[in-house]
**Q** 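My questions will all concern the structure given below.
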Amino acid sequence: MGCPKEGQKEKKARALAILKALKVAYPGAKTELKHNNPFQLLVATVLSAQATDKSVNEATPALFARFPDPQTLAKATPEEVEPYIRRIGLYRTKVKNLVALARRLVEEHGGEVPKEKEALMALPGVGWKTATVVLGAAFGVPGIAVDTHVARLAKRLCLSQAVSPEKIGAELERLFPKEDWVFVHHALVLHGRYVCLARKPRCGACSLAPHCPSRQG
């Protein structure tokens, strides 16, 4: 089933209905990455690229116990850090980025995670999505980060047919109230992870089905 022909006003009304359903289904939606502070969230989010949150959460307790802050991690070599994240995808690249990231935090930001998107994106291993996630989850800065789940749901819900995460995020942000942007990201991630699955969406159990042009059955 294709997307309906609808104007921005109609699409926005449907988006608000989706938002209402998401708030009922996921009232406390937040990241499932385990962390105790912005630095740990930043590290976990970098590690989560092309990896599952489950695999990251299995690795980070030992990693954070050994390297609890940027200062400690900045003094390490990649070889010292590697055993802690070896089970995570692309670990060789990620370990180099993490050590370099920690050194930049210490040298340029006083060991603190910056609250500006441009400064975050200048750090090794940090792209637009990671910066948006960290700003929203750690500091409450409004933004809809787009990962594979959000991109899939945006397309299936006919909210955006864009390809790049930045364009998808911009289109979603035009549809939802700014104060709900961070919630929308987390709720869509959870919905994509547990209900609107990539290969076999569970449309019969989906609270968004009444508002979804792609629903099956």
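The figures that follow rest on heavy atoms only: side chains count, while hydrogens, waters and symmetry mates do not. FYI, the numbering just counts along the sequence from 1.
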**Q** Where do Ala76 and Val81 come nearest, in terms of heavy atoms and distance?
**A**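 Between these two residues, the closest heavy atoms are CB-CG2, 3.9 Å.
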**Q** Please check: side-chain N/O of Trp128 versus main-chain N/O of Met121, any donor-acceptor pairing under 3.5 Å?
**A**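 Between the backbone of Met121 and the side chain of Trp128 there is no qualifying donor-acceptor contact (under 3.5 Å).
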**Q** Please indicate whether Lys96 has more than 12 foreign heavy atoms, meaning atoms of other residues, nucleotides or ligands, lying under 6.0 Å from its NZ.
**A**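 Not buried by this count: 12 neighbours or fewer within 6.0 Å.
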**Q** Under a 4.5 Å cut-off applied to non-hydrogen side-chain atoms, are Thr77 and Val99 in contact?
**A**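 Thr77 vs Val99: side chains apart.
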**Q** Quick one: does any side-chain atom of Lys30 pair with a main-chain N or O of Ala137 as donor and acceptor, under 3.5 Å?
**A**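 Not at all, since once roles are kept as given, no pair shorter than 3.5 Å links the two residues.
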**Q** Just so I know, are the side chains of Val113 and Pro70 near enough to count as touching, which here means a heavy-atom distance under 4.5 Å?
**A**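 No, too far: nothing below the 4.5 Å cut-off.
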**Q** So if you build clusters from Ile, Leu, Val, Met, Phe, Trp, Tyr with side-chain heavy-atom gaps below 4.5 Å, do Val146 and Val134 land together?
**A**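 They do not share one cluster, since no chain of ILVMFWY contacts under 4.5 Å joins Val146 to Val134.
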**Q** Between Arg202 and Val195, is there a donor-acceptor pair closer than 3.5 Å when you use the side chain of the first and the backbone of the second?
**A**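 Looks like no, no N/O pair under 3.5 Å.
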**Q** Please check if Val133 and Leu101 belong to a single hydrophobic cluster, counting links between Ile, Leu, Val, Met, Phe, Trp and Tyr side chain heavy atoms closer than 4.5 Å.
**A**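 Val133 and Leu101: separate clusters.
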**Q** Verify the cluster assignment for Leu63 and Val106: are they in a single hydrophobic cluster under the rule of side-chain heavy atoms below 4.5 Å apart?
**A**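 No.
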**Q** Closer than 4.0 angstrom, basic N to acidic O: yes or no for Arg104 and Glu108?
**A**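 Yes, this pair counts.
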**Q** Less than 3.5 Å apart, which donor and acceptor atoms pair up between the side chains of residues 148-172 and the rest of the protein, not counting sequence neighbours?
**A**
| residue | atom | partner | partner atom | Å |
| --- | --- | --- | --- | --- |
| His149 | ND1 | Arg152 | NH2 | 3.1 |
| Arg152 | NE | Cys196 | O | 3.1 |
| Arg152 | NH2 | Gly192 | O | 2.8 |
| Arg152 | NH2 | Cys196 | O | 3.0 |
| Arg156 | NH1 | Leu197 | O | 2.8 |
| Arg156 | NH2 | Leu197 | O | 3.3 |
| Arg156 | NH2 | Ala198 | O | 2.7 |
| Ser160 | OG | Ala162 | N | 3.2 |
| Ser160 | OG | Glu171 | OE1 | 2.8 |
| Gln161 | NE2 | Lys155 | O | 3.2 |
| Ser164 | OG | Lys167 | N | 3.2 |

**Q** Strictly distance-based, threshold 3.5 Å: is any side-chain N or O of Arg215 a donor or acceptor partner for the main-chain N or O of Cys203?
**A**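 Not confirmed, Arg215 side chain does not pair with Cys203 backbone.
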**Q** side-chain contact (heavy atoms from CB on, under 4.5 Å) for Asn57 and Thr52? Distances and angles first, verdict last.
**A** CA-CA 9 Å; Asn57 287 336; Thr52 65; over 6 Å; no
**Q** Working note: Lys117 + Val141, criterion side-chain contact (heavy atoms from CB on, under 4.5 Å); need CA distance, chi angles, decisive distance, verdict.
**A** CA-CA 10 Å; Lys117 182 169 286 189; Val141 177; over 6 Å; no
**Q** For Leu175 versus Ala15, what's the shortest heavy-atom pair and its separation?
**A**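 Heavy atoms only, the tightest pair is CB-CB, 3.9 Å.
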**Q** What's the shortest heavy-atom distance between Gly143 and Thr132, and which atoms?
**A**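 Scanning both residues completely, I find the closest heavy atoms to be C-CG2, 3.9 Å.
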**Q** Could you tell me if the side chain of Leu123 sits less than 4.5 Å from the side chain of Leu120, heavy atoms only?
**A**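 Result yes, sub-4.5 Å side-chain heavy-atom pair found.
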**Q** Looking only at non-hydrogen atoms, find the nearest pair between Gln8 and Arg174 and report the distance.
**A**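 What the structure gives for the nearest pair is NE2-CB, 4.2 Å.
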**Q** Heavy-atom distance under 4.5 Å between the side chains of Glu32 and Leu190, does that happen here?
**A**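 Side-chain contact under 4.5 Å: yes.
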**Q** I'd like to know if Val189 and Tyr194 are part of one continuous hydrophobic network [Ile/Leu/Val/Met/Phe/Trp/Tyr, side-chain heavy atoms within less than 4.5 Å].
**A**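 Linked within one cluster.
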**Q** Is the backbone of Lys34 close enough, under 3.5 Å, to the side chain of Gln40 for a donor and an acceptor to pair up by distance?
**A**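 No; judged by distance alone, with no hydrogens or angles, the pair does not exist.
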**Q** Check whether the ring centres of Tyr26 and His186 lie less than 6.0 Å apart, and answer yes or no.
**A**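 They do not qualify: ring centres at least 6.0 Å apart.
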**Q** Determine, step by step, whether Leu41 and Thr31 satisfy the side-chain contact (heavy atoms from CB on, under 4.5 Å) criterion, reporting the C-alpha distance in whole Å, the side-chain angles of both residues, the deciding distance to 0.1 Å, and the verdict.
**A** CA-CA 9 Å; Leu41 176 61; Thr31 179; 4.3 Å; yes
**Q** Classify the ring geometry between Phe39 and Phe64 as parallel (under 30°), tilted (30 to 60°) or perpendicular (over 60°).
**A**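 The rings of Phe39 and Phe64 sit tilted, inter-plane angle from 30° to 60°.
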**Q** Got a sec, which pairs hit salt bridge (charged side-chain N to carboxylate O under 4.0 Å, His left out) with one end in residues 53-72, sequence neighbours left out?
**A**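 Passing the test, one end in residues 53-72: Asp53-Arg193.
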**Q** Mark yes or no for whether Glu112, through its side chain, and His109, through its backbone, hold a donor-acceptor pair below 3.5 Å.
**A**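 Checking the backbone N and O of His109 against the side chain of Glu112, no donor-acceptor pair under 3.5 Å is found.
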**Q** If you take all heavy atoms of Gly110 and Gln71, which pair is closest and at what distance?
**A**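 Minimum heavy-atom separation between Gly110 and Gln71: O-NE2, 4.4 Å.
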**Q** Taking His211 for the side chain and Ile18 for the main chain, is one N or O donor matched with an acceptor at less than 3.5 Å?
**A**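 Judged by distance alone, no pair lies under 3.5 Å.
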**Q** Return the minimal non-hydrogen interatomic distance between Ser207 and Pro210, and the atom names on each side.
**A**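 Ser207 and Pro210 have their closest heavy atoms at O-CD, 3.5 Å.
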**Q** Sub-3.5 Å donor-acceptor pair from the side chain of Lys23 to the main-chain atoms of Phe183, do we have one?
**A**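 Here the side-chain-to-backbone pair does not exist.
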